[in-house]
Amino acid sequence: MSDNQELIPIEQQTLLFYGKPIIVVRLPDGRPGAVIRFFCENMQIDTNAQVQRIQRTEAIADDLVFAQIETPGGRQHMAVLVLHAVPFWLAGIDPKRVREEIRPDILHYQREVVDVLYAWASTPRTLAAPANLVPAEPVTQPTRPAPDAPLEDWIVYHQRMASVLEWQRDVEHWRGGIETRLEGIEAIIPDILDRLGPPTLTPEHQNRVKYLVSQLNKATGKHPATIYSELYTAFSVPRYQELPESDWQQVEQWFQVQLDRAKKR
């Protein structure tokens, strides 16, 4: 689709995946999609290069559209990929050709993010309240005319009763939509929380790990890669950034034990 064919989404939401935001939208025709920029920033890959790659890929080129996305700085023109094309696009990113430190992030997106996106897309949308529905000011039931009242009074009465019944119907639809939406959210929250896992080390503690590795390297002469490997084995993680914050005291203690042993040698 041409860049000039910019769309205005009928719905926009921000989801968190491993603590980082991704923006999802529903296009005017109802199709769900995801903003490319936030995926790329989170994975630390170039957005423009990925947009160009999608445009060159015949299988999904038509699934790339441009939309007005609401941001803190106002609406911005951004590339959106229709949801069913996201797995194809992600699969085309080769984790072996990226920097070692961002490879786990790439794999997280390739293996898990699509489930989160589909969970969002399949959740029933909240029904918009009808324009004539004002729950705080219900339509009052009219007074029934006397049996011998003029025909015009009876016509007005039935017209007002029709408005009352329509209002009651719309209230029921609105309530049903809210309940359905809440049920859908409650159903997917546990699964999303399971995927996100516990909070990992804060940036401050990650920097502390790197400092302690350098100290242990000086004290023992071990290569930093060996120290990292021993740390990963001790805490059963693939990289130090995924150490749970709740384990920080044990991590610090592990380094202290290694340093103490080095001093005794």
Side-chain angles (χ1 to χ4, degrees), residues 1 5-55 57-72 75-95 98 102-128 177 180-200 242:
M1 180 175 286
Q5 294 178 272
E6 187 170 289
L7 304 173
I8 299 178
I10 58 175
E11 181 184 3
Q12 175 179 321
Q13 288 190 28
T14 300
L15 307 178
L16 288 179
F17 183 71
Y18 281 91
K20 296 180 180 179
I22 48 179
I23 289 184
V24 291
V25 298
R26 286 189 197 275
L27 301 173
D29 61 3
R31 290 180 299 168
V35 179
I36 296 294
R37 171 182 158 183
F38 294 88
F39 278 71
C40 294
E41 289 181 351
N42 296 346
M43 291 187 286
Q44 301 180 55
I45 57 178
D46 186 76
T47 302
N48 290 333
Q50 291 303 314
V51 168
Q52 292 170 9
R53 182 170 70 85
I54 293 170
Q55 291 173 326
T57 306
E58 186 175 356
I60 59 174
D62 291 338
D63 293 314
L64 182 72
V65 299
F66 290 84
Q68 294 184 23
I69 304 301
E70 296 287 352
T71 72
R75 286 187 175 182
Q76 293 190 30
H77 172 86
M78 295 186 182
V80 173
L81 189 60
V82 176
L83 182 53
H84 68 240
V86 171
F88 190 102
W89 164 58
L90 289 173
I93 302 173
D94 187 353
V98 301
I102 68 173
R103 186 178 301 170
D105 293 329
I106 301 290
L107 292 173
H108 282 318
Y109 275 79
Q110 290 179 326
R111 293 169 177 169
E112 302 176 33
V113 77
V114 172
D115 288 343
V116 175
L117 296 178
Y118 274 114
W120 163 77
S122 62
T123 301
R125 294 173 55 206
T126 304
L127 299 179
T180 300
R181 176 68 170 176
L182 291 175
E183 289 172 358
I185 292 174
E186 290 172 354
I188 66 170
I189 283 177
D191 182 59
I192 292 176
L193 290 177
D194 287 342
R195 289 184 180 280
L196 294 179
T200 53
E242 294 190 28

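- For the side chain to side chain contact (heavy atoms under 4.5 Å, CB included) criterion with Gln12, the lone passing option out of Gln68, Glu70, Arg26 is Glu70.
- Side-chain atoms of Gln50 and Ile93, non-hydrogen and from C-beta on, do get closer than 4.5 Å to each other.
- Atoms CD and CG, from Gln55 and Asp62 in turn, are 11.0 Å apart once rounded to the nearest 0.5 Å.
- In this structure the side chain of Phe38 never reaches within 4.5 angstrom of the side chain of Lys20, judged on heavy atoms.
- Between Phe17 and Tyr109, the ring-plane angle classifies as perpendicular under the 30° and 60° cut-offs.
- Note that NE2 of His84 and CZ of Arg31 are 7.0 Å apart. Values are rounded to the nearest 0.5 Å.
- Here the straight-line distance linking atom CD1 of Ile36 with atom CG of Leu64 works out to 6.5 Å at 0.5 Å rounding.
- Of all heavy-atom pairs spanning Trp120 and Pro32, the tightest one is CZ3-CB, 3.6 Å.
- Inter-residue side-chain proximity for Phe39 and Leu81 is flagged as unmet; no heavy-atom pair is nearer than 4.5 Å.
- The distance from the CG atom of Asn42 to the OH atom of Tyr18 is 13.0 Å, given to the nearest 0.5 Å.
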side-chain contact (heavy atoms from CB on, under 4.5 Å) between Val24 and Leu83, intermediate numbers included = CA-CA 9 Å; Val24 291; Leu83 182 53; over 6 Å; no
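- Counting heavy atoms from C-beta outward, Pro21 and Leu15 have side chains that stay 4.5 Å or more apart.
- Here the closest heavy-atom approach between residue Pro9 and residue Pro28 is recorded as CA-CD, 4.5 Å.
- Nearest approach of Arg103 to Pro95, heavy atoms of both residues: NE-O, 3.0 Å.
- At least one side-chain heavy atom of Thr71 sits under 4.5 Å from a side-chain heavy atom of Met78.
- Proximity of Val80 to Ile69: side-chain heavy atoms (C-beta onward) are separated by under 4.5 Å at one or more points.
- Leu27 has its side chain within reach of Val82: a pair of non-hydrogen atoms, C-beta onward, lies under 4.5 Å apart.
- For the pair Ile22 and Leu117, the minimum side-chain heavy-atom distance is below 4.5 Å.
- Across all their heavy atoms, Leu90 and Gln110 have their closest contact at O-NE2, 2.7 Å.
- Rounding to the nearest 0.5 Å places OG1 of Thr57 at 11.5 Å from CD of Gln52.
- The minimum heavy-atom distance linking Asp46 with Ala49 is given by the pair OD2-N, 2.7 Å.
- Closest approach of Ile102 to Ile45, counting heavy atoms only: CD1-CG2, 4.5 Å.
- Separation of atoms CZ (Arg111) and CD1 (Ile106) is listed at 12.0 Å; rounding is to 0.5 Å.
- In this structure Thr14 satisfies the side chain to side chain donor-acceptor pair (under 3.5 Å) test with no other residue, sequence neighbours excluded.
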